[in-house]
Every structure is written in C-alpha cells, then in structure tokens.
Amino acid sequence: MMHIFTPLTKTVISAAVCAFLSTTALAAATQGKEPLPLQEIRQFTDVYSAIKAYYVDEDQTKDAQLLENALAGMLAGLDPHSAYLDEEAFKDMKEGTEGEFGGLGLEVTMDASGVLVIAPIDDTPAARAGILAGDIIIKIDNQATRALSLSENVNRMRGKPKTKIDLVIARKGLDKPLEMTITRDIIKVQSVKMKELADGIGYIRISQFQEHTANDLAKYLIELNKKNHLKGLVLDLRNDPGGLLNAAVGVVSAFVDKDKIVVSTKGRTPDANRDFKTRPADYLNFDQKPSDDLIAKLPASTKTVPMVVLINSASASASEIVSGALQDHKRAKIMGRQSFGKGSVQTVLPIRPMEGGEPKTGIKLTTSRYYTPSGRSIQATGITPDIEIADTAEGNYASFNIREADLAHHLKSEQERRESEKKMIEASKKEVKNSEQPKTRYFFGDDNDFQLQQAVHVLKGEPYVTGFESKAVKTNQADKKSVSSSNVKNKKIDQ
C-alpha cells in the first residue's frame, strides 16, 4: 500500500509527528558516521548525464523532474509506505487528516494486475457503486492500469467533481470483469458514526482516524449514556485503513483506565523508542487545550461497558493499534477476520524550499515498528480475532485478500515471515472455494449486517453463528456476563 495522500487515495499517517528536512539537516545527520559513497555518487551522475544527453524526449529531462523522480524511486524502494510527497501530494496529505478531499473515495495500492483496492471509504462514490476491498481496477477510461505507476493511475482517476470515470474491475469469483461508470465528487469523510440498537446496545463506527475522531467518539458515548444505550457497545473498525496515531490513542483512552500502554514504538533513534499511554499528553492535538478534552469528561461507564470490536482484512494501522490494545487489556472481544498487518510507523518530514518559505513538499519515512501492550508485533501478521466470523452466513465474499505480507519490500523478520506464512495458509483454508459468492449484500451497520448481528448475540450471551458452519455456536461461560444478564448494568466482558 503506497501511502500517498492524493485526491483519490485517502491514506494513512501512522504517526502524528512532523519534522523539517533540509540539506543542512541531512549534512549534520551524516557527520561523524559513514563517509560519502563517492563511487555510488559518481555512478549516479554518470546515469544522470546519460539521460540528459541521450533520452529521446527532451521535455522529460528537466533537472527538477529528474531529481524528483530519483527521490521518489529512492523512497519507494525502501518499503511500501515510505514515499516522496510532491507539492500536490503534500497538500492533499494535510487536507486528508482534516477529513475532506476530492475523488472517488478509495484506499489503493499497486498490484501486478493493476490497481488493487485496499478499502472503499464509507459514503463515497466508490462505496455506493459497490466497489469492494480486494477488487482490482484493470482499466481506467479504457486504458490499462498495469503498465503505469500508482501515482500515474491516481492522477488519471483525479478530476473535477461531477465528472464521470469508466472503470473495468476484476473481482475474484466472477468470470467476467465488471464495468462501472462512477461520478467523481468531493469526499467529506465523517470519521465517526453512531447508531442505537435494541436492548440498550450502542453501535459506533470509525471509518478513519482523523484530528477530531477521539472527541467525536466521546460526544457519541456521552449521548449514548444519557439515552441509556451504553449497556453494551459494538465498535466497528472494518475497512478502516488507519490514520493519526494520537487519534488511535484517544480512542483507546475512552475505554481503558488512565496511564495504560496503548502502543510502543521501536526504531533507530531515541525519539522513535517510546510508549504511548492513555493520557492527554499522548492523544490531544497540538492545538487542543485540556478544556477541549472530551475523553477526560466521559462517564465512568465507558471504562466497563461490555464491548465487541469488529475488524476485517482491510482494518489496518491505527485500527490495529486500537483493536490490539483493547484485546491485550482484555477490554473487548475482537470479532471478524484477520486484520491487514501494518505494524510500522511513518513520520512526515516536510522539506524546506531552498529559497525559503513554507514547505511545499516532503517525504514520508518509515521510522519505527509498533508493538501492542503485551509486546506483540503485528507487522505482516495482523490482529487475530478472538471469534472469527465470516462476512455473511453463507461464507466470505470472494476476494483477492491482499494484506501487508503480500506487498513488495514489506518489513519483516525471519520469525514474522514464518508466522505470516502460517497465518496465510490457515486463512486460505477458509476462503470461498467455488465461484459462487454470497447473495447477501449489506453496508456496515445496516439491518442485514451479519457480523454486527453476531456481535450483538455475543454481547447478549446468546448463541451465534460464524458463517463457517451451519449450526449455531453457544456463547461460552466467559461470555455469560453480558447485557442480557440480570445484573446487566456496566458489566465487563471477561476474556
């Protein structure tokens, strides 16, 4: 997943950290370490000179463009999440964290067959058109996507709002590609949504982690508590590609006691090694005052309300931090499917222009890995649900099922590689084996949402079905302390 903020790809900054990068800073960083690689620099200048002298299209050999291409290639070769942010991408990155951008509403990456959809974003043209996680866009306006880079394909999918775009999509389980015409639009992402369910159970969906996510969550929790709908809670993180790290810490802080570890990061520099805890210093935005902190004003019931967290293969990054922390602190049951497995932290480094002024470009660099409170690294493995539930009662939707472990150059250790391979083999055994896809279709949170229905059954201590077998599974004794118990109020689900 190439995490560039563009009008089409609303993507993820996994660390709310920014620093400034300049030629002076780079020179200082290399002082006293390794000598300059003169032989390699000489080779670079030889190639540069050859391109300037012989490349067939002189318009493509402008100095600024060649150097920008070199920067982009240098970062892209490191891992799937490090990237050069040109002026347009850098601007869109800042807009993306504020929850508004233009395009179709897709989280995408590049695949050998075309543009792979990691997740469609709720309430966007792409989601309404029926594009699913795992779909591969093989043509855009009748032009093949496979031979172009991700950024080139993204640029082709950009356009003015209300203009149309033709897509040809390959979907596992279908004999013929799907042809879709979608109208572009300005995408305004509502990060948090709430719904009141029966029997005092609340449903909250987080589609992305943005600047105001934690406070918006707190507003809904306060409202649910006033309406006596906080006897049980389903937190839906399915198809949530992640976002701001401090927002994830704030969400966990709503449900876990103060000063508990949410996530640990480990990297090469001292400031990359730290613990993020359930405390205002780690989740408030830079411009927020303590008086703006709604998490601190939550009722005590939010720390004990029985909870289920829903995840799937498109739940990544910040959503994995939240589900991993709530799982390790035994605060919630995790239900659904194995998550994506993005366990690395990216730092955005704005680049100061040589002529001075505000930064207009930058780089996004992987600077550390993150670990759950118990010390688990989920890089390339993901969060394993406590209760695995298929997409529907008929089984999973057919999907190409791409996760972090499938991406080129992803970070891994030998142990992680073995664990990842084992999990992939186990997961593949539960994939749909024939071309028949489940007939049931639903949007997250609606009345036909099978996984949500099973989460409610678990909260109420009722039998549930997984979609992998025909008979119902009885809730175990640990689940009996639920919202259906006689002493229902503010009971915590035992793990």
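Sequential numbering from 1 along the given sequence is applied to the chain's residues. All values below were derived from every heavy atom in this structure, side-chain atoms included, with hydrogens, water molecules and symmetry-related copies excluded.
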- Message: If I take atom NZ from residue K162 and atom CZ from residue R184, how far apart are they, to the nearest 0.5 angstrom?
- Response: 13.0 Å

- Are I121 and L106 close enough that some pair of their side-chain heavy atoms sits under 4.5 Å apart? no

- Task: Give the intermediate values and the outcome of side chain to side chain contact (heavy atoms under 4.5 Å, CB included) for residues S344 and Q379.
- Result: CA-CA 7 Å; S344 59; Q379 173 62 23; 4.2 Å; yes

- On a heavy-atom basis, the closest approach of P125 and G103 is CG-O, 4.2 Å

- Item | Residues which pass side-chain hydrogen bond (donor to acceptor under 3.5 Å, both in side chains) with Q43, listed by chain and number, not counting sequence neighbours | none

- Task: Using the test side-chain hydrogen bond (donor to acceptor under 3.5 Å, both in side chains), find all partners of S319 that sit at least two apart in sequence or belong to another chain.
- Result: none

- Qualifying residues under side-chain hydrogen bond (donor to acceptor under 3.5 Å, both in side chains), relative to T366, sequence neighbours excluded: D79, S82, Q346

- Message: Can you give me the closest heavy-atom contact between G445 and D449, atom names plus distance?
- Response: N-OD2, 2.8 Å

- Task: Compare all side-chain heavy atoms of M194 with those of R205 and state whether any distance is below 4.5 angstrom.
- Result: no

- Message: Under a 3.5 Å distance rule, please check whether T265 uses its side chain to pair with a backbone N or O of S368 as donor and acceptor.
- Response: no

- Message: What's the separation between atom OG in S113 and atom CD1 in I138, rounded to the nearest 0.5 Å?
- Response: 8.5 Å

- Message: Before you tell me yes or no, could you show the steps for Y203 and L452 under side chain to side chain contact (heavy atoms under 4.5 Å, CB included), namely the whole-Å CA-CA distance, both residues' side-chain angles and the distance that decides it to 0.1 Å?
- Response: CA-CA 9 Å; Y203 168 82; L452 174 57; 3.6 Å; yes

- Item | Sequence neighbours excluded, every pair satisfying salt bridge (charged side-chain N to carboxylate O under 4.0 Å, His left out) that has a member inside residues 48-71 | K52-D63

- Task: For residues T213 and L244, determine if any side-chain heavy atom of one lies less than 4.5 Å from a side-chain heavy atom of the other.
- Result: no

- Are any of the side-chain heavy atoms of V322 and V309 separated by less than 4.5 Å? no

- D46: salt bridge (Lys or Arg N to Asp or Glu O under 4.0 Å) partners, not counting sequence neighbours: none

- Message: The criterion is side-chain hydrogen bond (donor to acceptor under 3.5 Å, both in side chains); which residues satisfy it with Q39, sequence neighbours excluded?
- Response: R42

- Rounded to the nearest 0.5 Å, how far does OG of S323 lie from CD1 of I383? 4.5 Å

- Is any side-chain heavy atom of Q208 less than 4.5 Å from a side-chain heavy atom of D122? no

- Message: Is there a side chain to side chain contact (heavy atoms under 4.5 Å, CB included) between D271 and T367? Walk through the geometry before answering.
- Response: CA-CA 10 Å; D271 57 351; T367 53; over 6 Å; no

- Note on the structure: Sequence neighbours excluded, the answer for side-chain contact (heavy atoms from CB on, under 4.5 Å) partners of I140 is I137, T145, N153, R156, M157, I165, L167

- Item | Presence of salt bridge, D446 and R441, under 4.0 angstrom | no

- Note on the structure: Separation between CZ (F450) and OG1 (T466), nearest 0.5 Å, reads 7.0 Å

- Just by distance, do the side chain of E320 and the backbone of G341 share a donor-acceptor pair under 3.5 Å? yes

- I206 versus L235: any side-chain heavy-atom pair under 4.5 Å? yes

- Message: Applying the side-chain hydrogen bond (donor to acceptor under 3.5 Å, both in side chains) criterion to R337, which one of N312, T384, D391 satisfies it?
- Response: D391

- Atom NZ of K139: over 12 foreign heavy atoms under 6.0 Å: no

- L67 versus Y48: any side-chain heavy-atom pair under 4.5 Å? yes

- F90 to P350 - nearest heavy-atom pair and separation: CZ-CB, 3.8 Å

- Under 3.5 Å, is there a donor-acceptor pair between the T183 and K164 side chains? yes

- Task: Look only at the side chain of Q453 and the backbone of D447, and say whether a donor-acceptor pair between them is shorter than 3.5 Å.
- Result: yes

- Do any N or O atoms from the side chain of D141 and from the backbone of D166 form a donor-acceptor pair under 3.5 angstrom? yes

- Query: With K160, which residues qualify under side-chain contact (heavy atoms from CB on, under 4.5 Å), at least two apart?
  - Reply: T163

- Heavy-atom donor-acceptor pair, D386 side chain to I334 backbone, under 3.5 Å: yes

- Task: Not counting sequence neighbours, which residues clear salt bridge (Lys or Arg N to Asp or Glu O under 4.0 Å) with R376? List them please.
- Result: D328

- Query: Do you know the tightest heavy-atom contact between L66 and T61?
  - Reply: CD1-O, 3.6 Å

- Message: If the condition is salt bridge (Lys or Arg N to Asp or Glu O under 4.0 Å), which residues does R274 pass it with, not counting sequence neighbours?
- Response: D282

- Query: Between CD of E211 and CG of D216, what distance do you get to the nearest 0.5 Å?
  - Reply: 11.0 Å

- Shortest non-hydrogen contact between N239 and A314, atoms and distance: OD1-CB, 3.5 Å

- Item | Test side-chain contact (heavy atoms from CB on, under 4.5 Å) applied to F209 and L237, I321, V192, the passing residue | L237

- Note on the structure: Nearest heavy-atom contact between D275 and S264 is OD1-OG, 2.7 Å

- Item | Set of residues satisfying side-chain contact (heavy atoms from CB on, under 4.5 Å) with respect to L71, sequence neighbours excluded | M74, Y84

- When you look at L75 and L365, which way does the side chain to side chain contact (heavy atoms under 4.5 Å, CB included) test go after all the steps? CA-CA 8 Å; L75 285 152; L365 192 64; 3.7 Å; yes

- Query: If only atom types and distance count, is the side chain of Q451 paired as donor or acceptor with the main-chain N or O of I389 below 3.5 Å?
  - Reply: yes

- Item | For T392, all residues meeting side-chain contact (heavy atoms from CB on, under 4.5 Å), sequence neighbours excluded | E394, Y397, P438, T440, Y442

- Should the pair K266 and Y370 be classed as cation-pi, given the thresholds of under 6.0 Å to the six-membered ring centre and 45° from the axis? no

- Query: To the nearest 0.5 Å, how far apart are CG in D185 and CG in L104?
  - Reply: 9.5 Å

- Item | Side chain to side chain, D236 and I204, heavy atoms closer than 4.5 Å | no

